[in-house]
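Structure, as structure tokens:
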Amino acid sequence: MNLNQLIELAKQHSIAPSSSPSISVPADWTQGRTVFGGLSAALVFAAIKRQVNSDRVIRSITFNFVGPLEYKLPFTIEVDVLRQGKNATQVIGKALQGGKVAVLCQACFGVARKSKINVENQQSHGMQLPKKPKFIPQIPKVTPKFLRHFDLAMDQGSLPFTGSKTSKIHGWMRLSDKDSVITEAELIGLVDAWPPTVLQLLRWPAPASTMTWNMEFIETNITYTAEDWFAYQAETRHAASGYAHSDANIWDKNGKLLVISRQTVGIFD
């Protein structure tokens, strides 16, 4: 199943918690024994969005990866609308497996309003569109299986565990299934395809896990095709005591800033 199909499945399962049916994820969407984090986040978001009025668009969303979401076991998604006010809606979504929360998400949706304040984004990236993907090849038992669903083209940075002296990653990304469409949910999965910025500093493999992930949507009602490349630039802001903090900007191919992303990653080296 491709990303579009799995997201549609999550939308269909966005119903009352007391009767939520279970979802199963194919093995080609895994990283080790768990479901790819970007996919689990995208599925929870898709279920949440289904229960929010269409006049409200996503403004900010925070994911807490509480525990492992094992791909061999089915899981459910529960959605709870905390408050729906005149301008904003606050919602919580949970991916549960075996009665335990694996992914917890809080999302804020808001209507567009007239305002005297208008500050245009001034940041740009200056990277040239790639002609083809350029990243780690599919190597059995080495490359995470989920990467086959994404085209990545690195512009700056290094592969994980190569002893690099830099802790930033710049590049381009898109879905490999060219029949797909890109909305906010697919973009969530796409952004998380890149490895944590600090793993390239290590010379030997070590486990790492995203603890929290926040995305702020500058542009809303995102609609692109899978042929479209998206620019990605992530910088490490700080790393110490086994935790790394990074910021990233995501642009479309025309240089329009779409999302600001921030992550806290646990490194177990």
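At least one side-chain heavy atom of Gln97 sits under 4.5 Å from a side-chain heavy atom of Glu70. The shortest side-chain heavy-atom distance between Cys105 and Ile61 falls under the 4.5 Å cut-off. Counting heavy atoms from C-beta on, the side chains of Arg262 and His245 never come closer than 4.5 Å.
If you check the side chains of Asp192 and Gln263, you find a donor sitting under 3.5 Å from an acceptor.
Under the 4.5 Å side-chain heavy-atom criterion for grouping Ile, Leu, Val, Met, Phe, Trp and Tyr, Leu73 is not connected to Leu6 through any hydrophobic cluster.
Using a 30° and 60° split on the angle between ring planes, Trp213 and Phe65 fall in the parallel class, below 30°. Below 30°, between 30° and 60°, or above 60°: for Phe150 and Trp29 the angle between ring planes is above 60°, a perpendicular geometry.
Shown here are the salt bridge (charged side-chain N to carboxylate O under 4.0 Å, His left out) partners of Arg237, two or more places apart in sequence or in another chain: Asp247. Trp229 pairs by the ring-ring contact (aromatic ring centres under 6.0 Å, His included) definition with nothing, not counting sequence neighbours.
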Problem set entry | Worked verdict on Thr197 versus Thr236 for side chain to side chain donor-acceptor pair (under 3.5 Å) | CA-CA 6 Å; Thr197 54; Thr236 302; 2.6 Å; yes

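Going from atom CG of Asn2 over to atom CG of Leu175 covers 8.5 Å, rounded to the nearest 0.5 Å.
Within 6.0 Å of the NZ atom in Lys178, the count of heavy atoms belonging to other residues, nucleotides or ligands exceeds 12.
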